[in-house]
Amino acid sequence: MTGPTQTPETWVLLRGLTREQRHWGGFPKLLTEHLPGARIVPLDLPGNGRLCAQTSPATVAEMAEQCRAELSRQGIRPPYRVLAMSLGAMVTTAWALGHPDEIQGCVLINTSMRPFSPFYRRLRPRNYPLMLKLALLGGTSRQWEEAILKITTRHPPQPEQQVRDWIAYRDECPVSRDNALRQLWAAARYTAPTEGPSTRTLILCSARDGLVDPRCSRQLAASWNTDFAEHPSAGHDLPLDDGPWVATQVRKWHSASRSRR
């Protein structure tokens with residue numbers, strides 16, 4: 001007789017401000033190869049991707065509730081492990097704090113939260129002129145995506161193809177200006193507690209992040225006393241710049257977590 005079928009571990013993937021699940025590129029497949037048997041579930045935040053017609057919640061906590069509702073709609077039950085970037089990492093934190101029984105592990109990538117870092121580290125001032133110019137004067141899809149690639153990456157594979165793909169995503173599932181502002185407003189206002197989630201947490205950051213100062217992640221990891229690793233040369237979009245490094249860090253951390261049980 002064979003034993004009962006074991007339920008696969010569920011890893012939820014969340015992106016950041018105005019980005020959608022297709023922006024992960026080949027990373028979900030790569031993570032599957034490093035976590036054999038795991039179920040990888042990329043989600044879109046409301047207002048992004050296939051949910052672009054929805055109104056983005058005005059708070060990070062509401063975004064977390066929307067993620068829970070979407071997983072329930074898909075018939076995917078907890079517990080979950082969550083790997084998330086930037087705004088998605090804030091959503092993950094709120095989720096793990098509000099529903100600690102649902103989250104068995106968090107991997108937070110290049111995030112920043114009040115009260116651990118001042119605003120000028122959470123969004124580097126050198127990016128203000130370009131972003132304001134595009135926002136106020138209205139840039140083309142190519143201008144926006146080339147600017148995002150420049151700000152968020154250091155050595156992306158096939159950069160021209162990345163820009164073309166991102167333009168296609170933007171044109172197919174456009175994020176409205178109102179939704180972008182609501183997401184930005186939610187991220188700017190979110191304040192994390194001085195003590196982090198009770199679940200084991202790994203914080204990853206990039207030493208050459210051009211969007212968020214890596215000191216934000218360092219300070220967060222130190223304050224919460226979490227596991228931490230830093231990539232020496234990648235930019236903000238760490239899974240794009242070096243997906244194999246991220247997947248390897250997750251596999252090592254996850255294996256160590258399981259051996260401690």
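Keep in mind the model is a prediction, meaning the values are calculated, not measured.
With a 4.5 Å cut-off on side-chain heavy atoms, Val82 and Val107 do not count as touching. Side-chain contact between Cys67 and Leu14 is present, with at least one heavy-atom pair separated by less than 4.5 Å. Here the side chains of Ile103 and Pro79 are not in contact, with every heavy-atom distance at 4.5 Å or above. Residues Thr111 and Met90 form a side-chain contact, since some pair of their non-hydrogen atoms from C-beta on lies under 4.5 Å apart.
The salt bridge (charged side-chain N to carboxylate O under 4.0 Å, His left out) pairs that include a residue from residues 236-254 are Arg15-Asp237, where partners are two or more places apart or lie in different chains. Sorted by first then second residue, the salt bridge (charged side-chain N to carboxylate O under 4.0 Å, His left out) pairs that include residues 32-47, not counting sequence neighbours, are Lys29-Glu33. Sorted by first and then second residue, the ring-ring contact (aromatic ring centres under 6.0 Å, His included) pairs involving residues 27-49 (not counting sequence neighbours) are Trp24-Phe27.
Few gaps surround CD on Gln74; more than 12 heavy atoms of other groups in view lie less than 6.0 Å from it.
With hydrogens and angles disregarded, no donor-acceptor distance shorter than 3.5 Å links the side chain of Thr226 to the backbone of Leu202. The main-chain N or O of Asn179 is found under 3.5 Å from a side-chain atom of Ser176 such that the two form a donor-acceptor pair.
Looking at residues two or more places apart in sequence or on another chain, you find a side-chain contact (heavy atoms from CB on, under 4.5 Å) between Glu145 and Arg19, Ile148, Val163, Trp166, Ile167, Arg170. Applying the salt bridge (charged side-chain N to carboxylate O under 4.0 Å, His left out) criterion to Glu195, with sequence neighbours excluded, gives no partner residue. Remark: Glu65 pairs with Arg68, His99 by the side-chain contact (heavy atoms from CB on, under 4.5 Å) rule, at least two apart or across chains.
Under the 3.5 Å distance criterion, with hydrogens and angles disregarded, no donor-acceptor pair is assigned to the side chains of Ser206 and His236. Between the side chains of Asn48 and Gln54, no donor-acceptor pair is found at a separation under 3.5 Å. Under 3.5 Å, the side chains of Glu9 and His254 contain a donor-acceptor pair of N or O atoms. If you check the side chains of Ser141 and Asp171, you find a donor sitting under 3.5 Å from an acceptor. Residues Gln161 and Asp165 bring a donor and an acceptor atom of their side chains to less than 3.5 Å of each other.
Rounded to the nearest 0.5 angstrom, Leu83 CG and Ile109 CD1 are separated by 4.0 Å. Atom CD of Gln162 and atom CG of Leu240 lie 4.5 Å apart (nearest 0.5 Å). Summarising the geometry, atom CH2 belonging to Trp224 is positioned 10.0 Å from atom OG1 belonging to Thr194; distances are rounded to the nearest 0.5 Å. In this structure, CG on Leu220 lies 9.0 Å from OG on Ser112, to the nearest 0.5 angstrom. The distance from atom OG1 of Thr18 to atom CH2 of Trp144, rounded to the nearest 0.5 Å, is 8.5 Å.
Between Trp253 and Trp11, the ring planes lie perpendicular to each other; the angle is over 60°, past the 30° to 60° tilted range.
Pro42 and Pro28 make their closest contact through CG-CG, 4.3 Å (heavy atoms, listed as atom of the first residue, atom of the second, distance). Taking every heavy atom of both residues into account, Cys106 and Thr199 meet most closely at SG-CG2, 3.6 Å.
The salt bridge (Lys or Arg N to Asp or Glu O under 4.0 Å) test with Arg50 is passed by exactly one of Glu172, Glu20, Glu70: Glu70.
Salt-bridge annotation for Arg142 and Glu160: present, with a side-chain N of the basic residue lying under 4.0 Å from a carboxylate O of the acidic one.
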